[in-house]
Amino acid sequence: MPLEPESASASDPVSSGPADELPPGPPTESAPPATDSSEVPATPAAAASVWAPPGRSGAAVAEVRAGTGGRPVAGPIFPPRPSKWRRVACPPGVALAALVSGSAAAVLIHWDRPGIGWLLAAGIAATAVFLVDRNARRRTASTTSDGAGETKSERQTVGAGFPRRNAGRLWWATLALVLLAVGAVRAAGWLFALCVIAACLAGSLAVVGRRSANGILYDTFAVGLEAVAAVPWAYTGTARVRGGNAPRAWRLGLSVAVTVALLAVFVPLLGSADAMFAALLETVTPDVDLPSVLRWLVLFAVAGLGALGALFLLAGPPPPATAAVGGRTLRRSEWALPVGALAILFAAFVATQFVVLFGGDDHVQETSGLTYAEYARTGFWQLSAVTVLTLAVLTVVLRWAAQDTATDRWWLRGLLAAVSVLALVIVASALGRMWTYQQAYGFTVLRLLVEACELWLGCVYVLVLVAVLRLRRAWLPRAVLGTAMATLLALAVLDPERLIAEKNIDRWQRGETLDTEYLVTLSPDILPATDRLPEPLRAQVRTGLRADLDGDAWQSWNLSRARAR
């Protein structure tokens with residue numbers, strides 16, 4: 001416990017600011033004379049008699065106190081902890097990797113449509129980040145192995161925080177690139193927008209690597225959250241290089257300026273001299289207008305900041321998650337009653353579902369006065385809400401329920417497993433209702449998408465069941481995200497809009513109506529399905545699909561749109 005110094009009196013004034021904000025200064029031989037009678041000058045002896053924090057001597061505290069202008073300060077003084085971007089060493093090549101990533105995104109990406117440029121830009125950015133990471137780790141390893149005459153601090157100056165690669169990191173990076181590859185095959189804009197979002201989250205998880213102590217929410221957005229702090233980190237890290245190579249940089253800049261000037265003169269002359277060369281120039285030269293320049297700047301900034309954030313996380317990774325589990329506050333008598341009541345309620349509901357399944361349409365009409373399709377429509381959204389809320393209940397109980405005894409663990413496994421299995425049956429009931437409703441009223445993107453979400457919820461319940469049986473949940477959040485991205489990828493492989501068109505044409509061939517106006521709003525992915533339509537209906541649908549099908553540059557090439565042309 002800190003003790004009051006004997007040399008300090010009760011009337012000594014204290015500093016008005018927090019002690020940890022005072023900058024440390026060099027020790028002074030003597031304190032300056034007091035300018036006011038109420039101020040008592042601090043001497044090194046008095047400063048040395050105060051309490052020092054563990055691991056720090058009174059002399060060290062005296063140096064800090066003496067550097068504050070001679071004024072006495074109450075309480076222990078700690079030096080201010082520098083920001084993370086000041087503590088993490090910046091390896092060579094960071095600025096170049098950000099420049100390459102931003103330039104590739106600005107040149108290759110057309111954000112108004114899916115195309116192969118998204119995959120190419122992501123591949124270039126990932127390669128640039130990987131090369132800087134690998135070189136930093138190699139430099140650290142070589143410096144550590146043959147740094148006999150160096151101090152420990154010198155061996156840790158570059159790339160010391162760069163972690164080793166692991167299987168999880170490779171898995172997330174591959175998944176991100178595969179999701180972006182959907183843009184080269186499918187033309188559905190809504191599908192590719194979901195793939196881009198999922199790819200960004202997978203990329204962040206790939207950079208973080210193993211689970212961090214900050215939680216899954218931070219891990220999925222870590223690159224974006226650290227991008228702002230990465231800017232001063234990269235600027236400070238390259239300051240020494242800029243200062244030492246200033247003459248060389250000026251000469252390089254002059255060479256670039258001369259190159260631009262020569263191209264500006266000779267390219268127009270050669271283009272006007274030959275028509276075929278002019279056509280080639282028109283193909284590879286982008287249109288320069290205000291919207292295009294704005295798009296280039298935004299894409300350059302976003303991709304460059306993303307590369308900086310990734311490298312900053314690799315150089316200074318977040319603290320890893322520990323195996324320690326927080327206190328569990330729910331006793332068996334507190335959680336078993338509500339969970340048991342929920343299991344009984346679900347069992348009764350599942351029993352009625354089997355009655356409806358075997359009773360069919362006649363039983364539904366006699367019982368509820370609705371057709372089977374209307375009955376299915378009224379229950380889907382309620383069952384979806386039940387599955388989501390039940391998932392939240394299972395997660396809370398699994399996290400907070402006590403597991404002190406073997407009896408507690410058996411009760412936890414038994415009740416949560418029963419609720420999970422019954423919830424899986426409810427998920428299957430919701431899926432059957434939506435499929436029946438679509439067969440009766442038609443297939444749409446929204447209906448198919450919510451059906452895919454319900455399928456994913458079924459996968460989540462399987463994962464929860466495994467976590468319940470093992471009583472281990474640390475792996476569950478990343479597994480849930482991984483299955484969500486895998487479900488989205490499976491949906492892209494399934495070609496959802498073509499499936500919608502085929503099912504609606506099947507309904508039309510059975511005598512139902514066909515909404516051709518809705519088919520025209522879909523992407524060119526559905527063109528193969530229109531082969532089954534007779535003329536002139538087929539020509540009408542294809543003309544509507546090709547109406548807004550303008551040309552693509554090589555960066556925005558897409559297989560589906562190319563086939564449609």
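This is a predicted model, so every value here is computed, not measured. Keep in mind that the numbers below use all heavy atoms, side chains included, and drop hydrogens, waters and symmetry copies.
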Could you go step by step and tell me if V480 and W475 meet the side chain to side chain contact (heavy atoms under 4.5 Å, CB included) rule?
-> CA-CA 9 Å; V480 169; W475 56 273; over 6 Å; no

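- In terms of heavy-atom proximity, D408 sits nearest to D404 at OD2-N, 3.7 Å.
- Checking side-chain atoms of T387 against main-chain N and O of S384 turns up a donor-acceptor pair under 3.5 Å.
- Summarising the geometry, atom CG belonging to L394 is positioned 13.5 Å from atom CZ belonging to R473; distances are rounded to the nearest 0.5 Å.
- Between A198 and M485 the shortest heavy-atom distance is O-CE, 3.5 Å.
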Report the C-alpha distance between L194 and L449 in whole Å, list the side-chain angles of each, state the deciding distance to 0.1 Å, and finish with yes or no for side chain to side chain contact (heavy atoms under 4.5 Å, CB included).
-> CA-CA 11 Å; L194 294 177; L449 190 57; 4.2 Å; yes

Could you walk me through whether V182 and V493 pass the side chain to side chain contact (heavy atoms under 4.5 Å, CB included) check?
-> CA-CA 8 Å; V182 172; V493 172; over 6 Å; no

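- Side-chain contact between R332 and L412 is absent, with no heavy-atom pair separated by less than 4.5 Å.
- In this structure, S204 contributes its side chain and L201 its backbone to no donor-acceptor pair below 3.5 Å.
- In this structure, Y461 and T390 have side chains that are in contact, with non-hydrogen atoms separated by less than 4.5 Å.
- With values rounded to the nearest 0.5 angstrom, L488 atom CG is found 11.5 Å from T483 atom OG1.
- Taking all atoms of both residues into account, the shortest heavy-atom contact from A230 to F312 is CB-CB, 3.7 Å.
- E334 places a side-chain N or O within donor-acceptor distance of the main-chain N or O of R331, the cut-off being under 3.5 Å.
- Between the CZ atom in R470 and the CG atom in L476 there is a gap of 10.5 Å [rounded to 0.5 Å].
- More than 12 heavy atoms of other residues, nucleotides or ligands shown are found within 6.0 angstrom of CZ on R87.
- A side-chain hydrogen bond (donor to acceptor under 3.5 Å, both in side chains) check over residues 301-320, counting only residues at least two apart or in different chains, returns nothing.
- Side-chain contact between V468 and V419: absent, with no pair of heavy atoms (C-beta onward) separated by less than 4.5 Å.
- No side-chain heavy atom of R409 sits under 4.5 Å from any side-chain heavy atom of T405.
- To the nearest 0.5 Å, the span separating CG on L330 from CD on Q403 amounts to 11.5 Å.
- In the displayed structure, W411 atom CH2 is contacted under 6.0 Å by at most 12 heavy atoms of other residues, nucleotides or ligands.
- Between D219 and R478 there is a side-chain heavy-atom pair separated by less than 4.5 Å.
- Between L175 and L489, the closest side-chain pair of non-hydrogen atoms falls below 4.5 Å.
- Of all heavy-atom pairs spanning G203 and A176, the tightest one is N-CB, 4.0 Å.
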So V132 and R137, side chain to side chain contact (heavy atoms under 4.5 Å, CB included) or not? Walk me through it.
-> CA-CA 9 Å; V132 174; R137 284 185 285 103; over 6 Å; no

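- Within the structure, the salt bridge (charged side-chain N to carboxylate O under 4.0 Å, His left out) test picks out the following pairs touching residues 185-194 (sequence neighbours left out): R186-D495.
- In terms of heavy-atom proximity, I109 sits nearest to R295 at O-NH1, 2.7 Å.
- Within the structure, ring-ring contact (aromatic ring centres under 6.0 Å, His included) contacts touching residues 175-214 (residues at least two apart or in different chains) are W118-F192.
- Judged by distance alone, the side chain of R211 and the main-chain N or O of A321 form no donor-acceptor pair under 3.5 Å.
- Residues R210 and P320 fail the side-chain proximity criterion, which asks for heavy atoms closer than 4.5 Å.
- From L305, atom CG reaches atom OG of S101 across 11.0 Å, with rounding to the nearest 0.5 Å.
- Under the side-chain contact (heavy atoms from CB on, under 4.5 Å) test applied with V129, the options L313, L311, V94 reduce to a single match, L311.
- In this structure, CH2 in W172 is found 14.0 Å from CG in L177, a value given to the nearest 0.5 Å.
- Proximity of T236 to R86: side-chain heavy atoms (C-beta onward) are nowhere separated by under 4.5 Å.
- In plain terms, the two heavy atoms of Y218 and S212 that are nearest each other are CD2-OG, 3.9 Å.
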